[in-house]
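Quantities reported herein were computed from a predicted structural model and do not represent experimental measurements. The first residue in the sequence is number 1, and the count goes up from there. For the numbers below, each heavy atom of this structure counts, side chains included, while hydrogens, waters and symmetry mates do not.
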Amino acid sequence: MIKESKFDDIRPYYDEEIPAAMQRIASSTSFPLLASYVYPEESVEKVRQRIVGYTNIHDFQTETMRRVNEQVIARSITEFTCDGISRLSPHDSYLYVSNHRDIMLDSSLLQYFLVTQGFDTTEITFGANLMQGQLVIDIGKSNKMFKVERPGGGFKDFYRSSLHLSEYIRHAILEKHQSVWIAQRNGRTKNGIDVTDQGIIKMFCMSRMDDKIRALSELHIVPVAVSYEWESCDILKTLELYQSQFSKYIKKPGEDLNSILTGLMQRKGRVHFELCEPIMEDELMQFDDLTNNEYHKAVAQLIDSRINTAYRLWPNNYIAHDIRYGSKAFSAFYTKEEWEAFEHRLAQLEKYEDCDLDQLKDIFLGIYSNPVDRK
């Protein structure tokens, strides 16, 4: 018997719901393709029996989802590193606020690392626009994802949705004792400039309006810096930013799925995660005299400072900066071979003949060079 909750509209699955979800996943038309990617050495039927045998989230995550991440790392990442776990305790719950470059991998790779270090996985925010189709819903909710609504109505709808999300995050951390992952802003960073939306900080505070300091200190915020050597979906992001110059960008049907698959399959080179120092109550206390709006802005800037300091720059970042500004200022940070590999990637934009190539290249270079300026 599943107990009803005020969060039933957004929460992940309970363990009791896993067997039915596994049955649906195993019987989906896409299952053979998924099975061959995750378990290439096994028959589809053997994988199907493995999946339908799961009765709880823990087994699904630590066995199959762990395997998914191992396949992604083996096939598309040359080196995966993560630092900062010593700053945290496996017995505490945290709110991981991360820069956001890839729809799935930013949170998924973090889960993988946490599991390998003896930590529990986190619950994960997932946009309602992405949680569509029964297969995606089942995989997502079985992987501790909870839905974030983005209401298109007026202020009242937006307020209710934000309050509901804030209450659920606090409920997950303080009552369920589950950590939570959330992006620092709505949507991925596409131009290489990672900035925390102060509206996210305001949302965190909505569920405890009586004490703005404890509203955040209770959540144990941990900024997370994710750095990809080869930016996830770099060409797709370039095209979107280019088109956005002329009119409001409207996503095409299936575009999000294409970005997810591109992010999974595209070569990423080296990838580094840094779990930054948690935001402590004494740090928040220095903002006690600020207005609420000033407080939210100050905390957002504090998170940005942590992320920008921890962000790892790669040769591609320095190469892009030198190309963009016609300089050799950072030539000590890359080799001739790395320069040539980057130029080869940049040249792939030449096939988009309907676009202004100079503008396209400048946008592409900005994606990689802006983190240098931020640093």
Side-chain angles (χ1 to χ4, degrees), residues 11-15 17-19 21-22 25 34-35 37-42 47 50-51 53-126 136 138-146 169 172-173 176-183 220-228 232 260 263-264 268 270-276 278 310:
R11 64 165 177 80
Y13 284 150
Y14 297 135
D15 279 345
E17 296 167 290
I18 291 300
M22 295 298 111
I25 291 171
L34 296 174
Y37 178 83
V38 183
Y39 296 100
E41 74 286 357
E42 295 184 12
V47 180
R50 178 196 302 274
I51 297 299
Y54 292 137
T55 59
N56 58 71
I57 291 170
H58 177 269
D59 290 349
F60 175 67
Q61 286 198 310
T62 57
E63 295 178 23
T64 291
M65 292 309 300
R66 175 185 55 80
R67 177 73 179 214
V68 169
N69 283 290
E70 288 174 347
Q71 290 289 1
V72 170
I73 292 169
R75 299 183 188 202
S76 68
I77 295 175
T78 56
E79 183 182 33
F80 176 62
T81 54
C82 188
D83 291 333
I85 195 73
S86 61
R87 300 179 174 121
L88 310 179
S89 166
H91 307 296
D92 293 332
S93 301
Y94 301 96
L95 176 57
Y96 295 96
V97 179
S98 174
N99 65 329
H100 191 26
R101 300 298 184 92
D102 184 272
I103 293 176
M104 293 294 294
L105 289 181
D106 296 345
S107 58
S108 187
L109 288 171
L110 176 62
Q111 309 309 307
Y112 171 75
F113 178 72
L114 291 173
V115 167
T116 65
Q117 300 301 306
F119 280 64
D120 191 10
T121 54
T122 80
E123 294 197 4
I124 303 166
T125 55
F126 201 58
V136 174
D138 283 333
I139 293 175
K141 289 193 169 188
S142 299
N143 201 35
K144 290 188 181 177
M145 291 181 174
F146 61 94
I169 290 173
I173 293 172
K176 295 174 69 178
H177 304 292
Q178 284 279 291
S179 292
V180 171
W181 178 95
I182 190 169
H220 304 127
I221 295 173
V222 177
V224 180
V226 184
S227 316
Y228 293 90
S232 178
I260 290 173
L264 290 173
K268 287 167 278 292
R270 290 169 288 184
V271 177
H272 181 71
F273 279 61
E274 185 78 26
L275 307 180
C276 305

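Of the possible polar contacts, none joining the Gln61 side chain to the His58 backbone as a donor-acceptor pair under 3.5 Å is found. Between the side chain of Ser98 and the backbone N or O of His100, no donor-acceptor pair lies under 3.5 Å.
Between atom CG of residue Leu264 and atom OG of residue Ser108 there is a gap of 8.0 Å, rounded to the nearest 0.5 Å. In this structure, Ile124 CD1 and Met145 CE are separated by 4.5 Å, a value rounded to the nearest 0.5 Å. Here the SG-CZ distance, from Cys276 to Arg87, works out to 6.5 Å after rounding to the nearest 0.5 Å. Met22 CE to Ile51 CD1: the interatomic distance, rounded to the nearest 0.5 Å, is 6.5 Å. Taking CG of Asn69 as the reference point, atom CG of Leu105 lies at 7.5 Å (rounded to 0.5 Å). Note that CG of Leu88 is 5.5 Å distant from CG of Leu275, once rounded to the nearest 0.5 Å.
Closest non-hydrogen pair, Ser107 versus Trp181, comes out as CB-CD2, 3.7 Å. Counting all heavy atoms, side chain and backbone alike, Thr116 lies closest to Phe113 at OG1-O, 2.7 Å. Of all heavy-atom pairs between Phe146 and Thr125, the closest is CZ-CG2, 3.4 Å. Among all heavy-atom pairs drawn from Phe60 and Ile139, the shortest one is CE2-O, 4.2 Å. Of all heavy-atom pairs between Val38 and Thr64, the closest is CG1-O, 4.1 Å. Shown here for Leu109 and Ile77, the closest heavy-atom pair between the two residues is CD1-CD1, 4.1 Å.
Judged by distance alone, the side chains of Ser227 and His272 never bring a donor and an acceptor atom under 3.5 Å apart. Side chain to side chain, Gln178 and Ser93 fail the donor-acceptor criterion of an N or O pair below 3.5 Å.
None of Val222, Ile221, Val224, Ile173 except one satisfies the side chain to side chain contact (heavy atoms under 4.5 Å, CB included) rule with Tyr94; the exception is Val222.
Side chains of Leu34 and Tyr39 form no contact here, defined as non-hydrogen atoms less than 4.5 Å apart. Within the 4.5 Å cutoff, side-chain heavy atoms of Ser142 are placed close to those of Ile18.
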For this session: Would you please test Tyr112 and Val68 for side chain to side chain contact (heavy atoms under 4.5 Å, CB included) and show each step?
Result: CA-CA 9 Å; Tyr112 171 75; Val68 169; over 6 Å; no
For this session: Please test Asp15 against Thr55 for side chain to side chain contact (heavy atoms under 4.5 Å, CB included), starting from the C-alpha separation and ending with a verdict.
Result: CA-CA 7 Å; Asp15 279 345; Thr55 59; over 6 Å; no
Exercise. Going through the distances and angles, do Asn143 and Ile57 end up as a side chain to side chain contact (heavy atoms under 4.5 Å, CB included)?
Worked result: CA-CA 7 Å; Asn143 201 35; Ile57 291 170; over 6 Å; no
For this session: Take Tyr228 and Arg270, measure what side chain to side chain contact (heavy atoms under 4.5 Å, CB included) needs, and give me the verdict at the end.
Result: CA-CA 6 Å; Tyr228 293 90; Arg270 290 169 288 184; over 6 Å; no
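Listed by chain and residue number, Gln111 satisfy the side chain to side chain donor-acceptor pair (under 3.5 Å) test with Thr122 (two or more places apart in sequence, or in another chain). For Lys268, there are no salt bridge (Lys or Arg N to Asp or Glu O under 4.0 Å) partners two or more places apart in sequence or in a different chain. Qualifying side chain to side chain donor-acceptor pair (under 3.5 Å) partners for Asp138, counting only residues two or more places apart in sequence or in other chains: Tyr13, Arg24, Gln134. A search for side chain to side chain donor-acceptor pair (under 3.5 Å) contacts involving Glu63 returns Tyr54, not counting sequence neighbours.
Residues Arg11 and Glu123 are not paired through a salt bridge, judged by the lack of any N-O separation under 4.0 Å between the basic side chain and the carboxylate. The pair Arg67-Glu42 does not count as a salt bridge, with every side-chain nitrogen at least 4.0 angstrom from each carboxylate oxygen. The pair Asp59-Arg50 fails the salt-bridge criterion, with no side-chain N (NZ, NE, NH1 or NH2) lying under 4.0 Å from an Asp/Glu carboxylate O.
For residues 73-83, the set of pairs meeting the salt bridge (charged side-chain N to carboxylate O under 4.0 Å, His left out) definition, not counting sequence neighbours, comprises Asp83-Arg312. Listed by first then second residue, pairs satisfying salt bridge (charged side-chain N to carboxylate O under 4.0 Å, His left out) with a partner in residues 92-119 read Arg101-Asp194, Arg101-Glu231, not counting sequence neighbours.
Aromatic rings from Phe80 and Phe273 are positioned such that their centres are separated by under 6.0 Å.
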